[in-house]
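Below is one structure, written out as structure tokens, with a few remarks after it.
We count residues from 1, following the sequence as given.
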Amino acid sequence: MAAPAPDPHPGPDPDPVRDTSPGPGPVHDTPPGTGPGHGPERDSPPGTAPDADVRPGTDPDGIDAEAPPGPDPLTVPSMSAGPDFVLRPWEMSDLPLIREAAQDPYIPLITTVPSRYSDRAAEEFVRRQWDRAATGAGYPFAIVRSRDRRPVGAIGLWLRDLPEGRASIGYWMVPYGRGQGVTRAALRTVTGWALRDLGIPRLQLFIEPWNTASARIAVDVGYRHEGLLRGWQQVGDERRDMAVYGLLNSDGPVDGRAVASN
């Protein structure tokens with residue numbers, strides 16, 4: 001997971017587990033994946049778990065919880081993420097996904113997914129996603145399998161730093177959705193949309209150094225490893241280092257198409 005990351009996610013994927021990234025990644029808000037970005041069941045303790053489709057970011061669901069809201073409400077679109085999955089706004093019907101994510105050893109540490117599930121806590125989580133769009137803080141998506149409409153993860157584009165010309169992606173994926181290329185497809189979809197259609201100059205993902213699966217996904221989509229931020233994010237009861245991955249609107253193509261329109 002990209003820290004985010006709200007989790008997002010080709011053939012056998014090299015990402016055995018997940019991608020959650022709170023911002024910048026990151027499906028962190030996630031905001032920061034992959035790496036962002038950025039997984040939503042408890043298999044192993046954080047730090048020792050297998051590579052995860054979860055990317056931390058600047059906050060619990062991929063976004064910094066203290067981020068000031070944007071001035072205008074946002075409309076979260078529905079988008080295809082390849083032939084088998086779609087990205088869409090959160091719905092109250094997504095509570096089973098939150099239940100599964102709550103059992104993961106890592107996702108509740110870097111997102112606002114409740115560590116102890118209850119219907120009430122899950123409903124509050126969904127309302128937070130709606131509020132983030134309503135306040136202009138970002139675009140939260142659920143990742144849903146097309147054939148049976150089963151949600152398998154989350155990805156978010158977080159706009160806290162948009163006045164400075166950058167945004168973060170965070171994502172996470174539950175075990176059921178891992179290893180199918182879903183995270184990669186979701187990250188590629190949101191990345192291309194943010195750069196081409198929204199014209200955001202720079203996107204960022206924040207990924208823990210041990211999370212090599214998320215790092216591979218980020219690089220595959222076109223993000224570049226730019227360095228290590230020491231003690232960047234609180235994860236559970238400790239400060240964790242985060243590797244930062246960036247992609248500029250002026251960089252090469254995403255998914256075979258130029259990202260810049262000029």
Side-chain angles (χ1 to χ4, degrees), residues 1-8 16-67 97-118 120-122 124-125 128-129 132 137-138 140 153-156 158 160 168-175 178 204-215 218 227-245:
M1 302 182 201
D7 242 242
V17 205
R18 69 227 189 106
D19 253 42
T20 296
S21 94
V27 295
H28 322 89
D29 146 294
T30 238
T34 146
H38 162 250
E41 291 262 298
R42 229 158 239 155
D43 313 344
S44 43
T48 59
D51 292 346
D53 279 353
V54 178
R55 162 191 159 299
T58 54
D59 129 278
D61 300 319
I63 182 174
D64 200 316
E66 300 304 319
L97 172 63
I98 302 167
R99 180 190 296 274
E100 188 173 1
Q103 299 175 40
D104 190 89
Y106 189 55
I107 293 168
L109 293 180
I110 59 171
T111 74
T112 60
V113 168
S115 58
R116 294 186 178 182
Y117 179 87
S118 70
R120 179 177 179 178
E124 289 173 351
F125 175 88
R128 281 196 297 276
Q129 312 318 305
R132 282 168 175 152
I155 187 168
W158 309 115
R160 176 191 184 192
S168 303
I169 295 178
Y171 45 86
W172 49 261
M173 182 70 58
V174 295
R178 298 171 191 166
Q204 300 179 143
L205 303 174
F206 295 95
I207 302 172
E208 287 204 64
W210 60 265
N211 194 346
T212 57
S214 237
L228 181 70
L229 301 172
R230 297 182 301 149
W232 177 257
Q233 184 174 331
Q234 189 75 22
V235 177
D237 58 0
E238 62 180 304
R239 300 293 302 181
R240 299 277 187 90
D241 297 344
M242 291 289 165
V244 59
Y245 292 77

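Under the side-chain contact (heavy atoms from CB on, under 4.5 Å) criterion, E238 pairs with R240, not counting sequence neighbours.
With rounding to the nearest 0.5 Å, the separation of OG in S115 from CD in Q103 is 12.0 Å. Residue Y245 holds its OH atom at 13.5 Å from CD of Q204, rounded to the nearest 0.5 Å.
In plain terms, the two heavy atoms of L109 and V235 that are nearest each other are CB-CG1, 4.0 Å. In this structure, R239 and G231 approach most closely via the heavy-atom pair NH2-O, 2.8 Å. The nearest pair of heavy atoms linking P114 to A122 is CG-N, 4.5 Å. A pairwise comparison of heavy atoms in A218 and I207 identifies CB-CD1, 4.1 Å as the closest pair. Residue G138 comes nearest to P140 through the heavy atom pair O-CD, 3.3 Å, listed as atom of the first residue, atom of the second, then distance. What you find for D241 and P209 is that their closest heavy atoms are O-CD, 3.4 Å.
For R128 (side chain) and T112 (main-chain N/O), a donor-acceptor pair under 3.5 Å exists by modelled atom type.
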